[in-house]
*Asks:* 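For reference, the structure I am asking about is given below.
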Amino acid sequence: KEWTGVHATQLNLWDAQAEAEAMVAAADDNLDDFIPLFANTMRGLPGGEKGATWSLFFKVAPYEIAAPVLGDELAAVKRWSQLMGKSKEAQLTAHKKQLDHLIVEADAALKARSDAAIAGEHFRTQGALAAFVLNVAKKRDGLAADLGSLAAKSSLLPRNYASRFFRRR
């Protein structure tokens, strides 16, 4: 009975972790889709890829920015959002609202992943699973002591009788 509740909690935590990873993947895909579209807009500005505006936004090629999963990519697009806010180019400011939404989505996905990981860690180290394992260990030790006591009282049982029932620690 006790294990059923612990197991159900573990499954729920694993589901939350899987859902959070899916959120991260989706947010990353959305940013990956945005980057080349934004790069194409930038290519249409005066100077194109050789212009000063391009070099403000793209320190490396667009595909290199999109490569990491929400690490450096997210930092780069957050910087872009700040630059877009200061820009007088209507084509750039038009992308800001969409980008800001994608950033909020990515931040929420990373927070969900972090929260799920923390909840799982707590469950394993201090929560219900840790308590369950400690309880099982106490019961095991009690049973081993009882079996050892039984073996000590009986001439028919070997002294290591209890060890037959348990793995060595």
Side-chain angles (χ1 to χ4, degrees), residues 1-38 59-85 95-169:
K1 293 179 185 180
E2 187 180 351
W3 170 246
T4 305
V6 171
H7 187 239
T9 301
Q10 177 67 75
L11 293 175
N12 289 336
L13 289 169
W14 284 338
D15 286 347
Q17 287 175 332
E19 185 176 319
E21 286 298 333
M23 289 172 61
V24 167
D28 180 62
D29 286 347
N30 291 338
L31 281 174
D32 289 351
D33 292 343
F34 175 84
I35 290 170
L37 296 174
F38 180 65
K59 308 289 185 203
V60 295
Y63 73 88
E64 290 182 48
I65 294 170
V69 177
L70 294 188
D72 293 338
E73 174 184 23
L74 184 56
V77 298
K78 284 181 176 183
R79 188 178 63 79
W80 290 359
S81 178
Q82 292 172 348
L83 291 171
M84 287 176 183
H95 285 286
K96 185 173 179 4
K97 184 176 180 181
Q98 179 187 6
L99 180 58
D100 287 346
H101 172 75
L102 295 174
I103 290 170
V104 167
E105 181 182 85
D107 283 339
L110 290 175
K111 183 178 181 336
R113 180 170 69 181
S114 175
D115 290 350
I118 289 168
E121 178 71 18
H122 181 269
F123 174 74
R124 288 188 306 278
T125 60
Q126 301 167 6
L129 182 59
F132 177 80
V133 169
L134 184 61
N135 189 32
V136 168
K138 285 180 184 177
K139 288 179 182 178
R140 178 228 176 261
D141 292 345
L143 181 57
D146 290 347
L147 289 172
S149 199
L150 182 65
K153 292 177 186 172
S154 172
S155 61
L156 299 174
L157 298 174
R159 288 188 176 259
N160 66 349
Y161 181 67
S163 67
R164 294 178 180 189
F165 295 92
F166 306 102
R167 289 189 205 167
R168 299 207 191 276
R169 290 191 206 191

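Note that these values count all heavy atoms, side chains included, but never hydrogens, waters or copies made by symmetry.
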*Asks:* Starting at CG of Leu31, measure out to CH2 of Trp80 and round the result to the nearest 0.5 Å.
*Replies:*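 Leu31 atom CG to Trp80 atom CH2 measures 9.0 Å (nearest 0.5 Å).
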
*Asks:* Considering non-hydrogen atoms only, spot the tightest contact between Ile103 and Val77 and give its length.
*Replies:*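 Distance-wise, the nearest heavy atoms are CD1-O, 3.6 Å.
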
*Asks:* Would you please classify the geometry between the Phe34 ring and the His95 ring as parallel, tilted or perpendicular, with 30° and 60° separating the classes?
*Replies:*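 Geometry flag for Phe34 against His95: perpendicular rings.
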
*Asks:* Calculate, to the nearest 0.5 Å, the distance between atoms CH2 and CG belonging to Trp14 and Leu11 respectively.
*Replies:*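 So the CH2 of Trp14 and the CG of Leu11 are separated by 6.0 Å.
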
*Asks:* Measuring only between side-chain heavy atoms, which start at C-beta, is Lys78 closer than 4.5 Å to Glu73?
*Replies:*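 Side chain of Lys78 against side chain of Glu73, heavy atoms only: no contact under 4.5 Å found.
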
*Asks:* Hey, mind stepping through Phe123 and Val6 against side chain to side chain contact (heavy atoms under 4.5 Å, CB included) and telling me if it holds?
*Replies:* CA-CA 9 Å; Phe123 174 74; Val6 171; 3.8 Å; yes

*Asks:* Given the rule in the side chain to side chain contact (heavy atoms under 4.5 Å, CB included) test, do Lys96 and His101 qualify, once you have shown the distances and angles that lead to the verdict?
*Replies:* CA-CA 9 Å; Lys96 185 173 179 4; His101 172 75; over 6 Å; no

*Asks:* Show your reasoning for whether side chain to side chain contact (heavy atoms under 4.5 Å, CB included) applies to Leu143 and Arg140.
*Replies:* CA-CA 5 Å; Leu143 181 57; Arg140 178 228 176 261; 5.8 Å; no

*Asks:* What are the two closest non-hydrogen atoms of Ala66 and Asp28, and how far apart are they?
*Replies:*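 Closest approach of Ala66 to Asp28: O-OD1, 4.5 Å.
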
*Asks:* Distance check, rounded to the nearest 0.5 Å: Asp72 atom CG versus Ile65 atom CD1?
*Replies:*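 Spacing of CG (Asp72) from CD1 (Ile65) equals 10.0 Å.
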
*Asks:* Tell me, yes or no, whether the heavy-atom count around Asp115 atom CG, taken from other residues, nucleotides or ligands under 6.0 Å, exceeds 12.
*Replies:*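 More than 12 heavy atoms, drawn from other residues, nucleotides or ligands, come within 6.0 Å of this atom.
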
*Asks:* Please give me the minimum heavy-atom distance between Leu99 and Ser81, naming the atom from each residue.
*Replies:*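 Result for this residue pair: CD2-N, 3.9 Å.
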
*Asks:* Taking all non-hydrogen atoms of both residues into account, name the closest pair between Ala119 and Leu13 and its distance.
*Replies:*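 Closest approach of Ala119 to Leu13, heavy atoms only: CB-CD2, 3.7 Å.
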
*Asks:* Where is the tightest heavy-atom contact between Ala27 and Ala109, given as atom of each residue plus distance?
*Replies:*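 Nearest heavy atoms, Ala27 then Ala109: CB-CB, 4.2 Å.
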
*Asks:* To the nearest 0.5 Å, how far apart are CG in Leu129 and CD in Gln10?
*Replies:*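 Those atoms lie 6.0 Å apart.
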
*Asks:* What's the separation between atom CG in Asn160 and atom OG in Ser163, rounded to the nearest 0.5 Å?
*Replies:*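 If we round to the nearest 0.5 Å, Asn160:CG and Ser163:OG are 4.0 Å apart.
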
*Asks:* Drop me the distance from Met23's CE to Leu70's CG, to the nearest 0.5 angstrom.
*Replies:*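 Going from CE on Met23 over to CG on Leu70, the span is 11.0 Å.
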
*Asks:* In sequence, state the C-alpha distance, the side-chain angles, and the governing distance for Leu147 and Leu157, and then conclude on side chain to side chain contact (heavy atoms under 4.5 Å, CB included).
*Replies:* CA-CA 10 Å; Leu147 289 172; Leu157 298 174; over 6 Å; no

*Asks:* Return yes when atom NZ of Lys153 has more than 12 non-hydrogen atoms of other residues, nucleotides or ligands closer than 6.0 Å, and no otherwise.
*Replies:*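 Count not over threshold, so no.
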
*Asks:* With a sphere of 6.0 Å drawn around CD of Glu64, does it hold more than 12 non-hydrogen atoms of other residues, nucleotides or ligands?
*Replies:*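 Yes.
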
*Asks:* State which residue, out of His122, Gln126, Glu121, fulfils the side chain to side chain donor-acceptor pair (under 3.5 Å) condition with Arg124.
*Replies:*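 Among the candidates, only Glu121 passes.
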
*Asks:* Are the side chain of Ser154 and the backbone of Ala151 linked by a donor-acceptor contact shorter than 3.5 Å?
*Replies:*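 No; zero donor-acceptor contacts below 3.5 Å.
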
*Asks:* Which pair of heavy atoms, one from Ala20 and one from Ala116, lies closest together, and at what distance?
*Replies:*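 Looking at all heavy atoms of both residues, the closest pair is CB-CB, 4.4 Å.
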
*Asks:* Taking Thr9 for the side chain and Gly5 for the main chain, is one N or O donor matched with an acceptor at less than 3.5 Å?
*Replies:*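 Yes: the side chain of Thr9 pairs with the backbone of Gly5.
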
